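Down below is the structure, laid out as structure tokens.
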Amino acid sequence: MAEIIGIKIIKLDEIDSTNNYTSKLLANSNVIEGTVVVAKAQSSGRGQLSNQWESEYGKNILASFVFYPKFLPVQQQFLLSKVIALGVRDLLTLFVDKVKVKWPNDIYIGNKKVAGILIENSIMGHTLESSIAGVGININQTVFLSDAPNPVSLIYSLKKELDCSELLLVLCECIDKWYSLLSQGNVKMINENYHDSLYQRGIVSTYRDKNGEYEGMIEGVNAIGQLQIKPLSAPLKTYHFKEVEFL
């Protein structure tokens with residue numbers, strides 16, 4: 001059983017966005033760390049850079065998690081993203097193989113996207129005052145109407161529906177494990193597991209940046225969350241979000 005994450009679960013029907021709802025909640029009331037806001041549907045579900053997250057009513061996990069990681073320096077905030085990604089990975093690997101973390105915020109089964117993460121931090125001074133981690137995981141949805149290029153759900157592999165409420169409780173336990181390790185300062189274990197789970201790490205693949213296409217291999221992610229790629233015939237390159245494209 002999770003010790004912190006999921007200590008309180010707020011269940012909603014349809015709202016604009018679980019992250020929006022949780023943000024307003026934090027602004028107007030005292031919210032216990034580990035509180036989870038979950039909805040059956042979102043009218044304006046958000047991904048990175050205002051991208052929309054498509055989800056059929058009641059078919060998937062749509063949740064936001066509240067953290068107060070004041071022990072974490074601002075320059076290390078990407079560690080929280082790693083913790084959430086590893087928690088989602090652990091949940092999915094209970095059911096399927098080939099689960100990978102596609103930097104910076106997606107979870108893949110093979111070459112298809114099954115989950116997305118959106119973390120919004122509130123910073124005070126040199127530390128994180130609060131963080132809201134929005135997680136969308138495709139569970140039972142079989143038809144996708146958006147132009148997302150490669151969506152997939154667990155049901156495609158399992159050929160049966162799963163109980164999203166039960167899976168949310170397991171997800172809370174999975175995230176709780178990694179968040180506990182983070183709060184204890186066990187950064188090495190987090191980094192090792194995250195790097196081992198990186199999509200296309202150690203595989204020669206084609207990438208595109210502002211200078212054009214090239215072949216290289218992902219080596220890892222540095223302390224501030226930049227992706228590190230080693231071109232086959234050039235020095236190591238580092239990228240912030242949206243500075244490089246996976247081809």
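Values in this document were obtained by computation on a predicted structure and should not be read as measured data.
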Point to revise | Within one Ile-Leu-Val-Met-Phe-Trp-Tyr cluster: Met217 and Tyr108, side-chain cutoff 4.5 Å | key: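 No, it is not one cluster - the side chains of Met217 and Tyr108 are not joined through contacts under 4.5 Å.
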Check your understanding: Is it the case that one hydrophobic cluster holds both Leu25 and Ile15, taking links as side-chain heavy atoms less than 4.5 Å apart, direct or via other members?
Key ->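 Shared cluster, yes.
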Return yes if some donor-acceptor pair links the side-chain N/O of [X] with the main-chain N/O of [Y] below 3.5 Å, else return no.
| X | Y | value |
| --- | --- | --- |
| Asn121 | Ile132 | no |
| Asp106 | Lys113 | no |
| Ser153 | Ile155 | no |
| Thr22 | Thr18 | yes |
| Asn28 | Lys24 | yes |
| Gln76 | Pro73 | no |
| Gln184 | Asn186 | no |
| Arg201 | Glu219 | yes |
| Glu33 | Tyr68 | yes |
| Glu14 | Ala39 | no |

**Study point:** Candidate list Leu62, Val135, Ile9, Ile10, test side-chain contact (heavy atoms from CB on, under 4.5 Å), partner Val38, passing option
**Key:**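 That would be Ile9; it is the only one of Leu62, Val135, Ile9, Ile10 passing the side-chain contact (heavy atoms from CB on, under 4.5 Å) with Val38.
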Practice item. Could you point out which residue of Ile137, Leu92, Ile61, Asn138 forms a side-chain contact (heavy atoms from CB on, under 4.5 Å) with Leu154? Key: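 Of the listed residues Ile137, Leu92, Ile61, Asn138, the side-chain contact (heavy atoms from CB on, under 4.5 Å) partner of Leu154 is Leu92.
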For [X] versus [Y], what's the shortest heavy-atom pair and its separation?
| X | Y | result |
| --- | --- | --- |
| Asn60 | Ile139 | OD1-N, 2.8 Å |
| Lys159 | Tyr156 | NZ-O, 2.8 Å |
| Trp103 | Gly225 | NE1-O, 2.9 Å |
| Gly125 | Val74 | O-CG2, 4.2 Å |
| Cys174 | Asp90 | SG-CB, 3.9 Å |
| Asn111 | Tyr199 | OD1-OH, 2.8 Å |

Review point. Just checking, any donor-acceptor pair under 3.5 angstrom between side chains of Tyr214 and Asp209?
Key: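 Side-chain D/A pair, Tyr214 to Asp209: absent.
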Practice item. Take Tyr21 and Asp16 through the test side-chain hydrogen bond (donor to acceptor under 3.5 Å, both in side chains) and record every step on the way to the result. Key: CA-CA 8 Å; Tyr21 181 95; Asp16 59 346; over 6 Å; no
Exercise for review: Evaluate side chain to side chain contact (heavy atoms under 4.5 Å, CB included) for Cys172 paired with Phe65, printing each intermediate quantity in order.
Suggested key: CA-CA 9 Å; Cys172 288; Phe65 300 78; 4.1 Å; yes
Practice item. Tell me, yes or no, whether the heavy-atom count around Asp97 atom CG, taken from other residues, nucleotides or ligands under 6.0 Å, exceeds 12. Key: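 Counting neighbours around CG of Asp97, 12 or fewer heavy atoms of other residues, nucleotides or ligands fall under 6.0 Å, so no.
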Review point. In terms of heavy-atom contacts, does NZ of Lys40 have more than 12 from other residues, nucleotides or ligands at under 6.0 Å?
Key: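 Not buried by this count: 12 neighbours or fewer within 6.0 Å.
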Review point. With a cut-off of under 6.0 Å to the ring centre and 45° to the axis, is Lys82 in cation-pi contact with Tyr194?
Key: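 Yes, cation above the ring, under 6.0 Å and within 45°.
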Review point. Is the closest basic N to carboxylate O distance between Lys70 and Glu129 below 4.0 Å?
Key: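 Yes, charged N to carboxylate O under 4.0 Å.
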Review point. Is there a side-chain contact between Thr238 and Leu227 (heavy atoms, below 4.5 Å)?
Key: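 Thr238 does not reach Leu227 side chain to side chain.
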**Study point:** Residues forming a ring-ring contact (aromatic ring centres under 6.0 Å, His included) with Phe246, sequence neighbours excluded
**Key:**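 Partners of Phe246 under the ring-ring contact (aromatic ring centres under 6.0 Å, His included) test: Tyr207.
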